[in-house]
Amino acid sequence: MIRAIKGTRDIFGIETKKWRYVEQKIIEYARKYNYGEIRIPTFERTQLYLRGIGGETDIVNKEMYTFTDKGGRSITLRPEGTAGVVRAYIENKMYADKSLKKLFYMGSMYRQERPQKGRYREFRQFGIENIGSKEPLADAEVISFAYNLYKELGLKSIKVEINSIGCRTCRKNYIRALKDYLKPHYEMLCDNCKRRFDTNTLRILDCKNPGCKKITEKAPSTTEYLCDDCKEHFNEVLHYLDVRKIPYSVNNRLVRGLDYYTRTVFEVTTDRLGSQNAVAAGGRYDYLIGMFHSEDIPAVGFAGGMDRLILLMEEEGLFDAMDEEKPDIFIVAVSNDVRDYVIKIAESLREQGFSVETDLSMSSMKSQMRRAGKLNVDNVLIIGPDEIDKGVLTYKNMKKHSQKEIDIKELENFKKILE
RNA sequence: GUGAGUGUAGUUCAAUGGCAGAGCACUGGACUGUGGCUCCAGUAGUUGUGGGUUCGAAUCCCAUCACUCACCCCA
């Protein structure tokens, strides 16, 4: 048997209804905040991610689906959305009018990791990118979008954590201070953190190893080392969150896995998905566009994992009332000699906009009734030779267990008949 | 990439070295033109795969594959 690739899955039945619901809400929210949809390619030149995300990150180091196409180009299935959106922004010269661009996207991303709860190799993300403003107003809007969307979806267990990792200058100072602090403890760090010490010092703050945690507890905090501009920027972001009454907690250990972030970083987390606590994450990336373009253009955005979002909504019981999609009307053919007639009735009802199901297996009347019951259909039309002779339809309401004959002429406005 | 756990009917799970079974689901019937409830019957398996130990293996051992969870990391 040929099976789906590890870490991919099929979504069908009531699952698709959950997905459509969530997708609709996201689209609705993008509209509310005036973010326009952008659809970008699923694969790009590998170079885009190498330079954009950063060669030292795990995403680039070991998780990318990379292959060589027939023209000898190195191609990678997108592991995240921001790099592609930024490429599209530049390529389509969206910077030309100097105005703010607000974009949202939704779609599959690919990372070759060992799958586990809430983590897949093909997973779906949505995200927004707010490009062209360096102002804290923009950061706060992006964070509000995430928080308010999740609140409106009904989530109770989510928290917003926020931090500032500074700009080029103050980050450099902070990293120096952090290294100075860590140096005497170097031998006590886990192997991973020893490696990070030179390549990605900030991430040591994020290490879950109890030994490392203990060491970093007393480490200098990022905010202490922010330059005046960055400090003010951060305070203003918090101010605008306060104005919106968005609850958050400042977490000085919060650093992100992608290299392009500056200043604001944030995560929306939950404690209800096992070890996968991040449902959305993002931040400011003022230097990313400059890596592909002649000048820096400030931007801020976030991405949310939709698979995780739906898992979490299930966990919180938010889909409990959701029913399987069902047809409005089931038409039972009492005997096979009325099949032609049943087809005509069915098509007429479909023209009126109803969802209509009929038997396609030449089954007995009894099994047709059983199927109607199993489909949970409310309305059943029973048609046999007797009905045809009398020019009527037998209408049965399955919920009320009531039944009556209706004149075939009433078919033309069937809505009136339904109880 | 690393570690642990689990693989038996469509599905959920029994069977602890001695005849592979049950619930649910499915199909049919009781009710020949009426679903759900009830009762009856039926279909359902190379016990993931390959090897080994044994008189005998779903059960023990080895390998392999798959799934799950966790680590790393991330949405």
Side-chain angles (χ1 to χ4, degrees), chain A residues 1-7 9 53 56-64 78-82 106-127 146 150 158 190-193 195-196 200 203 206-209 212 255-258 266-270 273-282 301-312 330-338 359 361 363-388 394-403 405:
Chain A
M1 191 179 57
I2 297 174
R3 314 170 51 103
I5 302 291
K6 186 201 289 285
R9 63 207 180 109
I53 301 170
E56 276 309 321
T57 61
D58 277 6
I59 293 180
V60 167
N61 264 339
K62 50 182 203 189
E63 295 170 5
M64 294 205 301
R78 61 182 183 195
E80 56 105 47
T82 302
M106 200 150 65
S108 290
M109 306 294 161
Y110 304 86
R111 292 182 201 171
Q112 188 159 181
E113 310 173 83
R114 200 58 88 73
Q116 56 185 287
K117 189 182 177 72
R119 169 184 296 177
Y120 309 94
R121 289 185 171 183
E122 180 186 42
F123 60 103
R124 292 128 196 110
Q125 278 187 340
F126 71 96
Y150 288 160
I158 53 160
C190 70
D191 291 349
N192 243 310
C193 286
R195 186 174 49 80
R196 286 171 178 147
N200 203 345
R203 293 224 52 108
D206 210 24
C207 187
K208 284 167 195 149
N209 181 297
C212 300
V255 292
R256 312 262 29 265
L258 289 67
F266 76 98
E267 281 185 3
V268 181
T269 60
T270 177
L273 285 185
S275 64
Q276 259 58 250
N277 65 339
V279 282
F302 87 92
M306 297 169 71
D307 306 80
R308 278 182 196 180
L309 172 58
I310 287 172
L311 265 179
L312 181 58
F330 191 101
I331 308 183
V332 170
V334 172
S335 55
N336 287 332
D337 53 341
V338 303
D359 172 65
S361 306
S363 307
S364 68
M365 177 186 186
K366 186 184 197 67
S367 79
Q368 290 181 53
M369 284 303 294
R370 276 201 186 136
R371 180 139 177 272
K374 205 162 49 197
L375 289 171
N376 202 21
V377 178
D378 294 334
N379 309 292
V380 170
L381 284 178
I382 298 165
I383 297 172
D386 297 353
E387 280 82 359
I388 295 179
T394 297
Y395 166 69
K396 175 160 186 169
N397 184 304
M398 299 289 269
K399 284 242 165 69
K400 295 182 182 166
H401 317 280
S402 65
Q403 187 168 316
E405 285 189 346

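Numbers restart at 1 for each chain; the letters A, B, ... are given by sequence-line order, proteins then strands. Since the model is a prediction, treat every value here as computed from it, not as a measurement.
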Taking the same atom, P, in B:U59 and in B:U49, what whole-Å distance lies between them? 11 Å
Assess whether one donor atom and one acceptor atom, taken from the side chain of A:Gln368 and the base of B:G33, lie less than 3.5 Å apart. no
Is any side-chain nitrogen or oxygen of A:Gln116 closer than 4.0 Å to OP1 or OP2 of B:A70? yes
Tell me if the aromatic rings of A:Tyr120 and A:Tyr110 count as close, with their centers under 6.0 Å from one another. no
Please measure how far the P atom in B:C24 lies from the corresponding atom in B:U64, and state the result in whole Å. 41 Å
Do A:Gln403 and B:U34 share a donor-acceptor pair, side chain to base, under 3.5 Å? yes
So, under a plain 3.5 Å distance rule, would you say the side chain of A:Lys6 forms a donor-acceptor pair with the base of B:C67? no
So does A:Lys366 get a side-chain nitrogen or oxygen closer than 4.0 Å to the phosphate oxygens (OP1/OP2) of B:G35? yes
Using only side-chain N and O atoms of A:Arg3, determine if any of them is under 4.0 Å from OP1 or OP2 of B:G48. no
Between B:G35 and A:Lys374, counting only base atoms on the nucleotide and side-chain atoms on the residue, is there a donor-acceptor pair under 3.5 Å? no
Check: A:Arg370 side chain, B:C26 base, donor-acceptor under 3.5 Å: no
Between B:A44 and B:A25, how far apart are the C1' atoms? Round to whole Å, please. 11 Å
Roughly how far apart, to the nearest Å, are B:A9 and B:U27 at atom C1'? 15 Å
Write down the distance separating the C1' atoms in B:C62 and B:A70, rounded off to the nearest Å. 26 Å
Does A:Glu113 contact B:A75 through a side-chain donor or acceptor facing the base, at a distance under 3.5 Å? yes
